[in-house]
Amino acid sequence: MLQCINNMVFKKVYEIVCLIPKGKVMTYGQISELLSHSISARAVGWAMNCCPKKVPWHRVVNASGGISTKDLTDPPELQRFLLENEGIRFSEDGRISLGRYQFNPEKRAI
DNA sequence: CCATTGACGAAGA
DNA sequence: TTCTTCGCCAATG
């Protein structure tokens with residue numbers, strides 16, 4: 001189950017997520033695109049499902065700026081709490097403004 | 001090998 | 001704007 005951390009592509013995903021600064025977020029699809037679609041957005045989700053503890057998993061949201069966790073390992077409330085704790089504000093519908101918080105790393109950095 | 005299930009997302013209706 | 005449909009792909013039985 002947790003042998004995914006040995007997968008090279010998954011490692012790349014974790015590498016990228018670790019680059020996201022506090023108070024910023026990235027989407028599953030954005031990460032997929034950064035890796036030239038060598039991994040699908042869905043697979044990125046699976047990668048986050050079994051990511052190393054040190055990875056700031058809570059800074060990854062879906063393309064609509066919403067929380068996508070399904071309470072498998074951590075409840076959605078926790079992710080929201082962690083993000084709000086970093087200064088990110090949620091609107092009434094439980095979503096955030098990607099225009100404000102989305103992080104775009106330079107490809108060279110990967 | 002085949003079917004199903006998701007921390008996804010773009011395109012239509 | 002909300003709801004489907006479909007493609008995506010790793011993991012699981």
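Letters A, B, ... are given to chains in the order of the sequence lines, protein chains preceding strands, and every chain is numbered from 1.
Checked against C:dC9, B:dA7, C:dA10, the side chain of A:Ser40 finds its nearest nucleotide in C:dC9. In this structure, the nucleotide among B:dG9, B:dA7, C:dC8 sitting nearest to the side chain of A:Ala63 is B:dG9.
Atom NE2 of A:His37 and atom P of C:dA10 are 14 Å apart (whole Å). Straight-line distance from the CG atom of A:Asn49 to the P atom of C:dA11: 10 Å, rounded to whole Å. Atom pair A:Arg95:CZ and C:dT2:P shows a separation of 8 Å (rounding to whole Å applied). Here the P atom of nucleotide B:dG6 and the CE atom of A:Met48 are 19 Å apart, to the nearest Å. The CG-C1' distance, from A:Leu35 to B:dG9, rounds to 16 Å in whole Å. In this structure, the CH2 atom of A:Trp46 is 10 Å from the P atom of B:dG6, given to the nearest Å. With rounding to whole Å, A:Ile39 atom CD1 is found 9 Å from C:dA11 atom P. Atom P of nucleotide B:dA10 and atom CG of A:Leu98 are separated by 11 Å, given to the nearest angstrom.
In this structure, A:Ser32 reaches neither bases nor backbone, as no heavy-atom distance under 4.0 Å exists between it and the strands shown.
Judged by a 6.0 Å distance limit and a 45° cone about the ring axis, A:Arg80 is positioned over the six-membered ring of A:Phe90.
For A:Glu84, the CD atom sits in a packed shell: over 12 heavy atoms of surrounding residues, nucleotides or ligands are nearer than 6.0 Å.
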Can you give each donor-acceptor pair under 3.5 Å made by side-chain atoms of residues 51-58 of chain A, sequence neighbours left out, with the distance rounded to 0.1 Å?
unit_1: A:His58; atom_1: NE2; unit_2: A:Glu86; atom_2: OE2; d: 3.0

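Contact annotation: A:Lys70 reaches the phosphate of B:dA7 (side-chain N/O to OP1 or OP2, under 4.0 Å).
Shown here are the salt bridge (charged side-chain N to carboxylate O under 4.0 Å, His left out) partners of A:Arg95, two or more places apart in sequence or in another chain: A:Asp93.
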